[in-house]
Protein chains: 2
Amino acid sequence: MADPALADRIASVLADVEGLELVGKDDEPDALVVAAPGAVAEPEASIALTGRELEVLALLAEGASNKLIARRLGISTHTAKYHVASLLEKLDAVSRTDAVAHAARIGVLHF
Amino acid sequence: MADPALADRIASVLADVEGLELVGKDDEPDALVVAAPGAVAEPEASIALTGRELEVLALLAEGASNKLIARRLGISTHTAKYHVASLLEKLDAVSRTDAVAHAARIGVLHF
DNA sequence: ACGACGCCTACCCATGTGGCTAGTGGACGA
DNA sequence: TCGTCCACTAGCCACATGGGTAGGCGTCGT
């Protein structure tokens, strides 16, 4: 059973992403995101990002500032900075721009 | 018809999110994420970047700061900033991170 | 000659970034 | 119970970013 709170968080982060439309369970979607074994692009390196870090990374990829990330996720700017710093460390990046580019290169982010 | 690549991207980003379970079409999900029709990004031929701007963009994609861009291209930091500002305007980006991500989405940058 | 464009330089200033440090609380496995 | 991890919060400070403004020079087309 998925964590409803996390699903809500993912839904709220993705709600404004261009090209995505969230629908209810009873609505007919155009397509589904499904787990296709082997078909999903897998990260090149064994970089383990936590759920929160992925949320922050997705927002970074939209060009969000720490302040905007904090607002979107309902956390303080300090916490947003903390997660950004963690991403820089895990992705071996020197800046948020480098982190986004690097994540795209190794398959953690796709455009 | 949704773009399968977009579905793969979302799936790959969400695949490792703790508490989130990707299910097959026949399974009962708690929530759905779908791609809106006609929203898949396509390379825009309308954006014309000059040679210098492409050089700066490539360096941005490596996470370079304005100072590093200036050093690499043998120009002043003022000029580097000028080109970054031009890129932000042409790519309709709010920051250098957004510019890199947007350029990747529309096919100007490849990772 | 003139205008447009690309490239370049400089300055000011408000805001953002990132490194560093320090801390709390919950969940989980040994 | 304890250690580890995750998520979160807070503050300081040097440096970077980005918007705005102003300007010069070379090239090219009209």
Side-chain angles (χ1 to χ4, degrees), chain A residues 1-13 46-103 108, chain B residues 13-21 46-103 108:
Chain A
M1 175 64 71
D3 178 13
L6 179 57
D8 284 345
R9 276 164 39 191
I10 298 293
S12 68
V13 169
S46 58
I47 294 184
L49 297 183
T50 68
R52 209 48 152 173
E53 284 164 351
L54 284 169
E55 291 179 297
V56 170
L57 183 57
L59 290 169
L60 279 183
E62 297 293 326
S65 63
N66 292 340
K67 180 183 282 188
L68 185 59
I69 291 171
R71 244 188 256 131
R72 295 287 297 278
L73 299 181
I75 59 180
S76 77
T77 54
H78 299 294
T79 306
K81 283 173 59 179
Y82 164 77
H83 290 307
V84 171
S86 293
L87 283 167
L88 297 192
E89 188 174 351
K90 287 187 177 182
L91 294 169
D92 197 23
V94 296
S95 66
R96 73 216 288 116
T97 308
D98 194 22
V100 167
H102 194 62
V108 177
Chain B
V13 168
L14 300 177
D16 293 332
V17 175
E18 191 170 355
L20 193 67
E21 181 183 355
S46 61
I47 295 191
L49 300 183
T50 68
R52 208 49 153 171
E53 284 165 351
L54 286 170
E55 287 180 299
V56 170
L57 183 59
L59 290 169
L60 278 182
E62 291 179 7
S65 62
N66 292 340
K67 179 181 286 187
L68 185 59
I69 291 171
R71 246 188 254 132
R72 294 284 297 276
L73 299 182
I75 57 180
S76 77
T77 53
H78 305 297
T79 306
K81 285 175 60 179
Y82 164 79
H83 291 306
V84 170
S86 294
L87 282 166
L88 297 192
E89 190 174 350
K90 287 190 177 181
L91 293 168
D92 196 25
V94 296
S95 66
R96 73 217 286 119
T97 307
D98 194 23
V100 167
H102 194 62
V108 177

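So that the names make sense, note that chain A is the first sequence line, chain B the second, and so on, each numbered from 1.
- Residue-to-nucleotide proximity on DNA chain D shows that, of His78(A) and Val84(B), the 5′-proximal contact is made by His78(A).
- The side chain of Leu88(A) lies closest to dG18(C) when the candidates are dT9(C), dA16(D), dG18(C).
- When distances run from any side-chain atom of Arg52(B) to the nucleotides dT17(C), dC7(C), dG18(D), the shortest one goes to dC7(C).
- Atom CG in Leu87(B) sits roughly 12 Å away from atom P in dG19(D) (whole-Å rounding).
- The distance from atom CG of Asn66(A) to atom C1' of dA10(D) is 15 Å, rounded to the nearest whole Å.
- For the residue pair Ala101(A) and Val100(B), the shortest heavy atom distance occurs at CB-CG1, 4.4 Å.
- Whole-Å rounding puts the Lys67(A) NZ to dA10(D) P distance at 15 Å.
- The distance between atom CG of Leu49(B) and atom P of dC7(C), rounded to the nearest whole Å, is 10 Å.
- Of the candidates dG6(C), dC8(D), dT17(C), dT17(C) carries the atom nearest the Arg96(A) side chain, counting heavy atoms from C-beta on.
- If you take CG of Asp98(A) and P of dT17(C), they are 16 Å apart, rounded to a whole angstrom.
- Note on Ser65(B): every side-chain N or O is 4.0 Å or more away from OP1 and OP2 of dA16(D).
- The nearest whole Å value for the distance from the NE2 atom in His83(B) to the P atom in dT9(C) is 8 Å.
- The 5' end of DNA chain D is approached more closely, in terms of each residue's nearest nucleotide, by Thr77(A) than by the other of Lys81(B) and Thr77(A).
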